[in-house]
Amino acid sequence: MKVGCPKETVAGEQRVAMTPDSVRQIQKLGYDCVIQSGAGVAAGFDDAAYEEAGATVAKTAPSLWKQADIVVKVRGVTGAEKKNLRDGQTVISMFWPAQNPDLLDSFKAANTNAIAMDMVPRISRAQKMDVLSSMANIAGYRAVIESGNQFGRFFTGQITAAGKVPPAKVLVIGAGVAGLAAIGTATSLGAIVRAFDVRPEVAEQIESMGAEFLMLEFEEDGSGDGGYAKPASPEFIEKEMALFREQAPEIDIVITTALIPGRPAPKLWPAEMVGLMKPGSVVVDLAAEQGGNCDLTVADKIITSDNGVKIVGYTDFPSRMAAQSSTLYATNIRHMLDDLTPEKDGQITINMEDDVIRGATVVHAGDITFPPPAPKVQAIGKAPAAPKPVELTPEEKAAQEMEAHRKAGQRQFGMLVLGGLFMLLVGAYAPASFMQHFIVFALACFVGFQVIWNVSHALHTPLMAVTNAISGIIILGALLQVGSGNQIVMILAAISVLIATINIVGGFMVTRRMLAMFQKS
């Protein structure tokens, strides 16, 4: 079978669904590759690069559609391309089937299979094909770069001979893939980054990237299916707006990324918030294609509000980084073809029993198969709800603590009694010289255990230096006993030397690694 990649016909689209690198990988699956002349030029891949990779170059789009059994695209099939659909052909692209029912009817009428990359279910096994995450990652990065271009000042703070420059303050609304990419980029550029999300479980991810999570004190979980957010209640939105009113006057750049599948983008940054911002501030709305998170957003344009705030409504952020976007998208396509070719023999197999393939297939064998059933495996970010712990009263907590202390005291007393009885038993038969050393040994074990047990786990690695010194004492004593005339003592001494040596060498190696972590290369 032949896999063909036509040139995108949507105005301004610079991405391409197949790169020279992906051509080499697709050929290993047993397919032949065909690329339309000039399809990859805007993304930095000329025809010669494709030919060198082993692909055939078709002069025109109709000739490519005619010979390709599988067509891979970035954007869905346009009106002019529908006439090229033929019986038994398979098209892999981003279709947005919920918004384009007429397109599905066209595929049904032509008996052409349609696999929507934007419908790949969000499960762990399908992450390698998750086009939405790949493109959102690029959009989040590009949003920060674009905001810096419009902002006109440094992100990082500086102290120069000409004066002090404060760092930019960036607010990211929505901590999905795009939001986290924006947070990471803005943080790396030196900005003070704050982030908000209705899903409380993303707080750790935000803070781990160096940003401040704006916590909203409200008992409502905004987590929805597949790791997305769900619509918030009016009470929650009121609290949310109050939080944003506090932040708006001091924020320089706002990046909004909030989307809910199958719904218009929620209005999270209304005109009121724009009015509270300082002149020269920037709002980048990544949800502009779905109506925008900001009231003033105009798709594909930059507008300036009455108070001098720029609102960026571009809908083609991934296309503005065509080389990177095409590389990631082509990799997603290649992984999809890998799953569609289980025998690696160049023959496509649409297995409707496979969760990933079934979820992405929207038209198959002349039937519209959208919407798909829920996947059998659990979606990413959708963990089963844990039962909420029962809150105890202060009196009940105090009673629990007293009971725990009492049981701990009983255990310690029992251990001391057993230890004393054991000492008496050993003392009844062992010589006095042995008992002196044995008692010191027992006390050392007890004190050492108490010291280590009460130290935080985070400090156990620094304690290696102390254990090295202790091991040094042990090995010294063992070396003194190696020359003993008693064979048993000599064997035990040799074992002690071996164990102590391992501890010393390993301890110093671990300590050396730990110290190296704090040294600049």
Go through it in stages, so that I can follow the logic: the residues are Asp252 and Val170, the test is side chain to side chain contact (heavy atoms under 4.5 Å, CB included), and I'd like the CA-CA distance, side-chain angles, deciding distance and then a yes or no. CA-CA 6 Å; Asp252 298 305; Val170 178; over 6 Å; no
If you look at every heavy atom in Leu103 and Val77, which pair is closest and at what distance? CD1-O, 3.6 Å
Chi angles and distances behind the side chain to side chain contact (heavy atoms under 4.5 Å, CB included) call for Ile70, Ile348: CA-CA 9 Å; Ile70 304 166; Ile348 192 171; 3.9 Å; yes
Heavy-atom distance under 4.5 Å between the side chains of Val10 and Val74, does that happen here? no
Does [X] [atom1] have over 12 foreign heavy atoms under 6.0 Å away?
{"X": "Phe370", "atom1": "CZ", "value": "yes"}
{"X": "Lys344", "atom1": "NZ", "value": "yes"}
{"X": "Lys278", "atom1": "NZ", "value": "yes"}
{"X": "Asn149", "atom1": "CG", "value": "yes"}
{"X": "Lys267", "atom1": "NZ", "value": "yes"}
{"X": "Glu207", "atom1": "CD", "value": "yes"}

Give a yes or no on whether the backbone of [Y] and the side-chain of [X] come within a donor-acceptor separation of less than 3.5 Å.
{"X": "Thr90", "Y": "Ala114", "value": "no"}
{"X": "Asn332", "Y": "Lys128", "value": "yes"}
{"X": "Asn100", "Y": "Trp96", "value": "yes"}
{"X": "Asp339", "Y": "Val356", "value": "no"}

Could you tell me whether [X] and [Y] make a salt bridge, using a distance below 4.0 angstrom between a side-chain N and a carboxylate O?
{"X": "Arg334", "Y": "Asp21", "value": "no"}
{"X": "Glu8", "Y": "Arg75", "value": "no"}
{"X": "Glu81", "Y": "Lys83", "value": "no"}
{"X": "Asp354", "Y": "Arg125", "value": "yes"}
{"X": "Glu250", "Y": "Arg194", "value": "yes"}

For the pair Phe213 and Phe196, name the ring-plane relationship: parallel under 30°, tilted 30 to 60°, perpendicular over 60°. parallel
Do [X] and [Y] pair up side chain to side chain, a donor and an acceptor below 3.5 Å, judged on atom types alone?
{"X": "Asn351", "Y": "Thr349", "answer": "no"}
{"X": "Thr60", "Y": "Ser63", "answer": "yes"}
{"X": "Tyr31", "Y": "Thr341", "answer": "yes"}
{"X": "Asp316", "Y": "Ser319", "answer": "no"}

Determine, step by step, whether Trp269 and Ile255 satisfy the side chain to side chain contact (heavy atoms under 4.5 Å, CB included) criterion, reporting the C-alpha distance in whole Å, the side-chain angles of both residues, the deciding distance to 0.1 Å, and the verdict. CA-CA 10 Å; Trp269 203 256; Ile255 298 174; over 6 Å; no
